[in-house]
Structures are given as structure tokens and as C-alpha cells.
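The next block holds one structure in the form of C-alpha cells; read it before the comments.
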Amino acid sequence: MAVAALSAGDLAALPTETVYGLGGIAAFPGAIERIYQVKGRPANHPVIVHVPDSTSLEFWASSVPATARTLVKVFWPGPLTIVVPKAHGVSDALTASQPTVALRSSSHPLFQEVLRGLVDALGPSVGIAAPSANRFGRVSPTTATGVLDELGQWLTPGVDVILDGGRCDVGVESTIVICGESSVRIARSGGITAEQLGQYVVMDQAGGEEIRVPGGLPAHYRPSAHVVLADRTSLLSIIAIPETTGLIAPADTPTPQDWRRLMAPETAEAYAHDLYAALREADRLGLTTVVAVLPPALGIGIAIRDRLERASRA
Ligand code: TXA
Ligand code: MG
């Protein structure tokens, strides 16, 4: 069903290993325009093109830096997006008129199945443009129900499709790397950690965890509830109305009396996996405040801290 909808120029929300994406065929201008409309996204925010595998690089990139080749060999399919010089003919609507294009190959079995169907229908150079399936600035969905809650009123029933692939494994978005010939810079932290990347390529430290992509606004990933950051000690001094306050914190953080505990992850991976669902749950419950105790700045903890820091900026 998703293959038919996409081939017809309509949209399909698709599961990936990170978060759900709102997909349209990258070569169809009408589909890309609708993605921007449905998301309420400004035109100067480029989208990621999802491709079947590394053989697609020749269709999308004018040149492939050695670092990109290495990383793709190790981490594709998986939660890594590479930014490379775009091939002639890649539409400005996808790249927001930048000279580069962001490419990723998802490991989700349903996403791969859809791409295989599209390769049969439209040929090997097919790509799916898919930003996260949320309204602009809000929390990315990690379930099909989350997509429906976010975008249901903007999608066309009986035309657009939401493909249910269960809860996403990773829970935060892919890591975006800007690939130079001799080093790479992290533009958005995510599912693949800096430590993992550093085993294969030279990391440009200037990048660090700072987001330099156009979508990397200071305030992003926001639920309706107000997000307040805390640590184990400052938690006790926060003045809040207990009944309308939720807590997101590692398992070893105790819950203040009458606060609603939204999650208690034992590991950073579990924290990432459940984070966006917990923020959505806070809104569903009508909580006005979510207090979050950050995980240590290690591994995927860096991506979690980045998202929560942005969520906390009003
Ligand atoms: O995990 C993910 O990456 C998810 C799933 C659906 O694949 N997608 C996702 O897409 O997070 P989106 O559109 O929500 O975020 C894409 C980010 C934006 O911040 C955008 O600015 C950046 O990628 N981006 C896209 N093209 C770029 C380019 N040519 N140069 C720099 N940044 C780019
Ligand atoms: Mg997004």
C-alpha cells in the first residue's frame, strides 16, 4: 500500500530504526511540496533522502569523499546520515538550495521492503525524501499512533498512508555527519555515537555536538508541556504542582512525592528508546511541566542531552 501511494505521488509515513519519517518520492516536486505543507516546515530546511544502499551514491552525489565511503561501508544500513556534494539535477527543493545533499539508508525491514518495491516500480535511482513525521519544531513520533496524533489532521484519508512497523528501536534521530575528504564533522548527534565514528575516520572536533544544520534551531523537539532540566540534587529544590508535573530520569533517581514518573530507564539506550514516547505521554496526560534529569554526556547520552536541552528552550 505504501509503495502504491508513494508511486502515485502521495505521502506515506514510514517506520525507520530511529523515528517515523514522512515519506514522498524525492524526484516528485508535488510530493516534496506536500511534505513541507503537512509538516508546516519552512522551505529553508532541507530534507534527508533515504536510499536503498551505497550503490545509490552515484545517483545523488557529485563526488563521494573517502570518509563517506568508509562510514557508509560500516554503518549503512543504520542511523547515520551523510552530507555530501549533490549531483547535478538534485532538486533545490530537497536541499534548500544548498550545494550538498543529506543521504541515509534505513535498516528498518519495512522501510527496506518499501524501497525494494519502489526500485521495481520506478528504477534503481529512486529515493524517499523523509523528514521526521512531526509538525515543525515538535517531538518526533516513534510509533504509528504518534504519527496519527501529530499529522492525522493534515494527511488525506484514503490517499496518504501510515505504515505501522511498531515502536522504533533507537528512539532518537540519525547522526548527521558532514563529510570532508580527510575528516568529518557531526552536525547532529544521534543513533551512531562520536566514539563509534572515531574508530573509522578522523573527527573534526570543532563540530562537537553543536548543531550547524539549518534545522538545528536552538528550540526544537518540544512537547506542549514546559520542559525543565535538573540533576538529582536540584530536583529536590524545584517548586512544582505535583499533580501536573512529570519526571523523566534514570532509574536510580527517586521520584518526588506525587509527581508522575514518565520513565525510569536503566541504560542510556533505554532512555533514548523511550524519551519521545514519554514526552508525548506527558501531553496526553495534560501535564504542564516535565522535569528531566539528563543522562551522562557519553555515547547516545549526548544525543539525549541535545534533544532535551532544545526541548527546554521556550
Ligand atoms: O533519523 C532521522 O534522520 C529521521 C528519519 C525519518 O530518517 N529523519 C530526520 O529528518 O530526522 P529531519 O528532516 O527531521 O531532520 C533532518 C535534518 C535537518 O536538521 C536538516 O536541516 C538536515 O537534516 N539536513 C538535511 N539536508 C542537509 C544538508 N544538505 N546539509 C546539512 N543539513 C541537512
Ligand atoms: Mg525532525
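Read the numbers this way: they start at 1 and go in the same order the structure lists the ligands and their atoms. Numbering of residues begins at 1 and proceeds along the displayed sequence.
Within the 4.0 Å heavy-atom criterion, both parts of S132, backbone and side chain, lie near ligand 1. Of the heavy atoms in T95, none comes closer than 4.0 Å to ligand 1. Contacts between Q98 and ligand 1 below 4.0 angstrom, taking non-hydrogen atoms only, involve the side chain exclusively.
Considering backbone and side-chain atoms together, S174 places an N or O closer than 3.5 Å to an N or O of ligand 1. For the pair T18 and ligand 1, the shortest N or O to N or O distance falls below 3.5 Å.
For H50, the closest heavy-atom approach to ligand 1 falls below 4.0 Å.
For Q112, the side-chain contact (heavy atoms from CB on, under 4.5 Å) partners at least two apart in sequence or on another chain are P77, R116.
Taking the six-membered ring for Trp and the full ring otherwise, the centers of Y36 and H45 sit at least 6.0 Å from each other.
Protein atoms that are N, O or S and lie under 2.8 Å from the Mg ion (ligand 2) are these: S132 OG.
Residue contact check: G21 has heavy atoms under 4.0 Å from atoms 6 (C) of ligand 1. Within ligand 1, counting atoms from 1 as listed, the ones closer than 4.0 Å to a heavy atom of T100 are 28 (C), 29 (N), 30 (N).
With E17 contributing its side chain and S107 its backbone, the two residues share a donor-acceptor pair below 3.5 Å.
Within 6.0 Å of atom CD in E266, 12 or fewer heavy atoms from other residues, nucleotides or ligands are found, so the atom counts as exposed in its surroundings.
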